[in-house]
There are 2 protein chains.
Amino acid sequence: METPVAPTSAGVAVVVVLGFDGSDLLTVLAPSREATTTGLWRFPEGSIDGHTHATEAAYAALEQLGAPKPPHLEPLSSTESPGSNPADHVVSLGHLGLMTLLPQIGPRSYVQPNAAGAYTSGQNPRWRWQPVDSVPLLAKNHARVLEYVRTWIRTQLPYSKRCLELLPNRFTWGQLQRAHETVLGCELEKRNFRKRFQHTDLIRPRNEVYIAGAHRPAQLFEPAPASPS
Amino acid sequence: METPVAPTSAGVAVVVVLGFDGSDLLTVLAPSREATTTGLWRFPEGSIDGHTHATEAAYAALEQLGAPKPPHLEPLSSTESPGSNPADHVVSLGHLGLMTLLPQIGPRSYVQPNAAGAYTSGQNPRWRWQPVDSVPLLAKNHARVLEYVRTWIRTQLPYSKRCLELLPNRFTWGQLQRAHETVLGCELEKRNFRKRFQHTDLIRPRNEVYIAGAHRPAQLFEPAPASPS
DNA sequence: GCAAAAGTGTTCAGATTACACCCATGG
DNA sequence: CCATGGGTGTAATCTGAACACTTTTGC
């Protein structure tokens, strides 16, 4: 391809958005529009040209799709499209965003647990939520991006500050534990989990409880402030 | 800068080469030639244009400097030049290479411990070895690349297969331990270190010893083959 | 024999795991 | 009263850290 006037892209920003609905991790996928990859899906992506930061470009890609935008994006390790020739070589910069699909909980609320489903954006959607454990065939190198993300969340997320991004501002031990069980892909022992998480000092109790059915009310927690005074 | 004919670079490959001389970690630095950053130093780097992979570009950058080329290059997390405007926005792809500056050891050898110094490449060198603990002011975002590398080696390198790249093909427990102490920046207890490293099954003994002065001869080891049959 | 690095096992503390019972609520 | 998830402490096990002495060599 000889297109000397159009500058080569400085790179492509790829965004992986993960949402937690209380029992599953879901990711935002968009149908691939390119001729060579019809029928495949992909993560939202956009050129970095015209943006000062790849993170900006990543948010713009979500904006254009009408997809949800998580409050924070974490830069991932870079990946390259393998096997591409020098002419159309593309550097892709990955980003990871976490968000919750659980309803925000207010004081004295009697919110029902969130029902799954209805996560798409219409009939012929430009994006949809897809459980990370059952993603369809992905275009380009996005499968390996997903693989990277899978390892990242398993190894970096648990017991970290960022795992709280999967939950509402106020949450219960049960929700926190289910988030961890989903991320880790295994069951956890209730007392051990709480003991271990308490050591992190990442959460603090509120003087509120959450009543979600015919059960004993659950203490609500919130993320602890950044640095204790 | 308006240069519509010359395509924007698809990215820049930055290479951090770390060498271990038996007591220090050294890195390859080149003097910055750009007008705005004279007097500063930088890591070797080169445009990715014309290469199919960033790793190729990284090796080419070393080649052009006449700098040593480590046998393997590990892609690092990508970084961006912060604060750059969209027009000259550059995506840089980092690479990390490890190599040994210790002499290769043959059977029945009586090699003296390697003396430090004389690591540069001439009078007005195009590159030089510099202890990672005393790097001068670096150009562009290379300081943060170095910071990333520092964390990487402290957290990823110890007790891994890759740490053997800092040593010759045959090495002693003492050398392996000193490599770890240098990387970790702290002293290690001899027996605990050996016990822990043996669990990795990364090394195997050879029927040779190494005599390095008025000391008891040391058993030589070599990296274990990839997968045991 | 003396200096210097090599080599080797055991003990202790802290962390992780496993495990069983009572509580509060809605229906 | 019963089903359901919330809530709590203790004993056993495993892992990582600390620690002292003997061996071999060159000088």
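Naming convention: chains lettered A, B, ... in sequence-line order (proteins, then strands); numbering from 1 in each chain. Every value quoted in this text rests on a predicted model; they were computed, and no experiment measured them.
Between B:Q175 atom CD and C:dA6 atom P the separation is 9 Å, expressed in whole Å. Remark: P of C:dG7 and CG of B:L176 are 12 Å apart, rounded to the nearest angstrom. One atom, CZ of B:F193, and another, P of C:dA6, lie 12 Å apart when rounded to the nearest Å. Distance A:I211 CD1 to C:dG27 P: 11 Å, rounded to the nearest Å. Rounded to an integer number of Å, the gap from OH of B:Y210 to C1' of C:dG7 is 17 Å. Summarising the geometry, the separation between CZ on A:F197 and P on C:dA15 is reported as 18 Å, rounded to the nearest angstrom. Put simply, CD on A:E181 is 13 Å from P on D:dG5, counting in whole angstrom units. Between the P atom of D:dC19 and the CD atom of B:E187 lies a distance of 13 Å, rounded to the nearest Å.
Residues A:L176 and A:L164 meet the side-chain proximity criterion, which asks for heavy atoms closer than 4.5 Å. Looking at A:I203 and A:F171, their side chains come closer than 4.5 Å, going by heavy atoms from C-beta outward. Between B:L138 and B:V145 there is no side-chain heavy-atom pair separated by less than 4.5 Å. When side chains are defined from C-beta on, A:L166 does not count as touching A:T100, because their heavy atoms never get closer than 4.5 Å. With a 4.5 Å cut-off on side-chain heavy atoms, A:F43 and A:V28 do not count as touching.
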Please list each protein N or O that sits under 3.5 Å from an N or O in nucleotides 3-5 of chain C, with the distance.
unit_1, atom_1, unit_2, atom_2, d
C:dA5, O4', B:H215, ND1, 3.4

Under-3.5 Å N/O pairs linking protein and nucleotides 8-12 of chain C:
unit_1, atom_1, unit_2, atom_2, d
C:dG9, O6, B:R191, NE, 3.4
C:dG9, N1, B:R191, NH1, 3.4
C:dT10, O4, B:K195, NZ, 3.1

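Ranked by how close their nearest DNA chain D nucleotide is to the 5' end, A:F221 and B:R196 are led by A:F221.
Using a 4.0 Å cut-off between charged side-chain N and carboxylate O, B:R178 and B:E181 make no salt bridge.
Closest approach of B:S92 to B:N141, counting heavy atoms only: OG-ND2, 3.7 Å.
For the side chain to side chain donor-acceptor pair (under 3.5 Å) with A:E74, the lone residue among A:H95, A:R162, A:Q156 that qualifies is A:R162.
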Identify every side-chain donor-acceptor pair in residues 193-200 of chain A under 3.5 Å, counting partners at least two apart or on other chains, and give the distances.
unit_1, atom_1, unit_2, atom_2, d
A:T200, OG1, A:F197, O, 2.5
A:T200, OG1, A:L202, N, 3.3

